[in-house]
Amino acid sequence: MNNSEKFMSRCLFLAQNGAYYVAPNPMVGAVLVGPDGDVLAEGWHQVYGGPHAEVNCFKDAEERGIPDELMKQSTLYVSLEPCSHYGKTPPCSELIIHKGVRKVVVGILDPNPLVGGRGIALLRQAGIEVEVGVLEAECREVNKRFLCLQEKKRPYVTLKWAETADGYLDLYRTEKGGGPLRISTDYTKQLVHKLRAMNMAIMVGSTTALLDDPRLTTTKWAGRNPIRVLVDRRNRVPKTARILNTEAETIVYSDNTEWDFILKDLAARNIHSIMVEGGATLLSNILSTGIYDEVHVEVSDRVLGGDGVKAPFVDLSDAKKTVLDGHILYEKEYR
């Protein structure tokens, strides 16, 4: 790993400090490096609507007392192209020009049409040397949700379910029947809540809402509650359901529940990612469309022995596999 890759790797590490708080904005980290290779200052985008990584990096430099002359000999590393437009904050490219750094190293270009290379162009026009494409694949991976919305004009879709060793999601239940089949452990439930916090929205169908009355909030992991999305094509879910309370925003689809329409509507709301947790019919319908990006399946060591709700089928032969609490966690990406 050369020096440029080392400092960009540090940018990506810093960027992920904002993982649960900056959506729908991208996670971005910035590192200011002096002419002798010493790190002078660091920053990252901390919260949606707040200062960008570059602003926080220069603020850190100011607080550390970095003199202007040293600043002008330094290189700024940033994982995403500096913005060039006025949004919730002023353009970072103008700030960089004002600070007068010698060189800027960028991980990836920003596909947002409001930026799209303009930030790089402004820096070069000001006489600043710019290098683009350092750890490009890694930079794209960190912001795969943001990039999906910008490039594919739809949210990044993650499907998640837990099943028994013999392939069942749950017992057969009625609306007045008993509780759900316990499959996940306390620890794997925490990982589910971590995944919830990483996505802007979480979706279930009406049967899950009726049988489990879930809140779909993030209580076992730090981060914001996702926007709840309910697919209720027959308007069966009562207004008293916990998914419809005011603890978090809820979007209900009933008149038009086609997957293409839902994705287009979520994109129009600037929602860059959605996690689908169930139930079996909803998951199977989405799988049949082929429009999804990631699948997480937890397989327990429990055997139901029949007379239950079968889990959707997906080929996990080449999926990443982790064993936790005696359960097998599969993770597969389809990009």
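Quick note: numbers below take in every heavy atom, side chains included, and nothing from hydrogens, waters or symmetry partners.
Looking at E141 and K144, a side-chain N of the basic residue comes within less than 4.0 Å of a carboxylate O on the acidic one, giving a salt bridge. Salt-bridge check for D265 with R269: passed, with a basic side-chain N closer than 4.0 Å to an acidic carboxylate O. With salt bridges taken as basic N to acidic carboxylate O contacts below 4.0 Å, one links D60 and R64.
Using a 4.5 Å heavy-atom threshold, the side chains of L76 and I128 count as separate. Residues L266 and R154 have side chains not in contact (no heavy-atom distance under 4.5 Å, counting atoms from C-beta outward). Between Y330 and H296 there is no side-chain heavy-atom pair separated by less than 4.5 Å. Under the 4.5 Å side-chain criterion, counting only non-hydrogen atoms from C-beta, C83 is in contact with H52.
A donor and an acceptor atom, one from each side chain of S317 and D315, are located under 3.5 Å apart. Side-chain contact annotation: S184 with E298, donor-acceptor N/O pair under 3.5 Å present.
Listed by first and then second residue, the ring pair (Phe, Tyr, Trp, His ring centres under 6.0 Å) pairs involving residues 231-263 amount to none (not counting sequence neighbours). Here salt bridge (charged side-chain N to carboxylate O under 4.0 Å, His left out) pairs that include residues 183-194, with residues two or more places apart or in two chains, are R182-D186. For residues 276-291, the pairs satisfying side-chain hydrogen bond (donor to acceptor under 3.5 Å, both in side chains) are R196-E277, with sequence neighbours left out.
For E81 (side chain) and G117 (main-chain N/O), a donor-acceptor pair under 3.5 Å exists by modelled atom type.
Partners of R10 according to the side-chain contact (heavy atoms from CB on, under 4.5 Å) rule, which considers only residues two or more places apart in sequence or in another chain, are F13, L14, V31, E42.
Only one option out of I251, L149, L263 pairs with I271 in a side chain to side chain contact (heavy atoms under 4.5 Å, CB included); it is I251.
Atom CD of E129 is separated from atom CG of L123 by 11.5 Å, given to the nearest 0.5 angstrom. In this structure, CG in N143 is found 9.0 Å from CD in Q16, a value given to the nearest 0.5 Å.
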Report, one line per pair, each donor and acceptor closer than 3.5 Å where one atom sits in a side chain of residues 204-211; sequence neighbours left out.
unit_1, atom_1, unit_2, atom_2, d
S206, OG, R236, NH2, 3.0
T207, OG1, R236, NH2, 2.9
T208, OG1, G279, N, 3.1

Side-chain donor-acceptor pairs of residues 95-103 under 3.5 Å, sequence neighbours excluded:
unit_1, atom_1, unit_2, atom_2, d
R102, NH2, T75, OG1, 3.1
K103, NZ, E131, OE1, 3.3

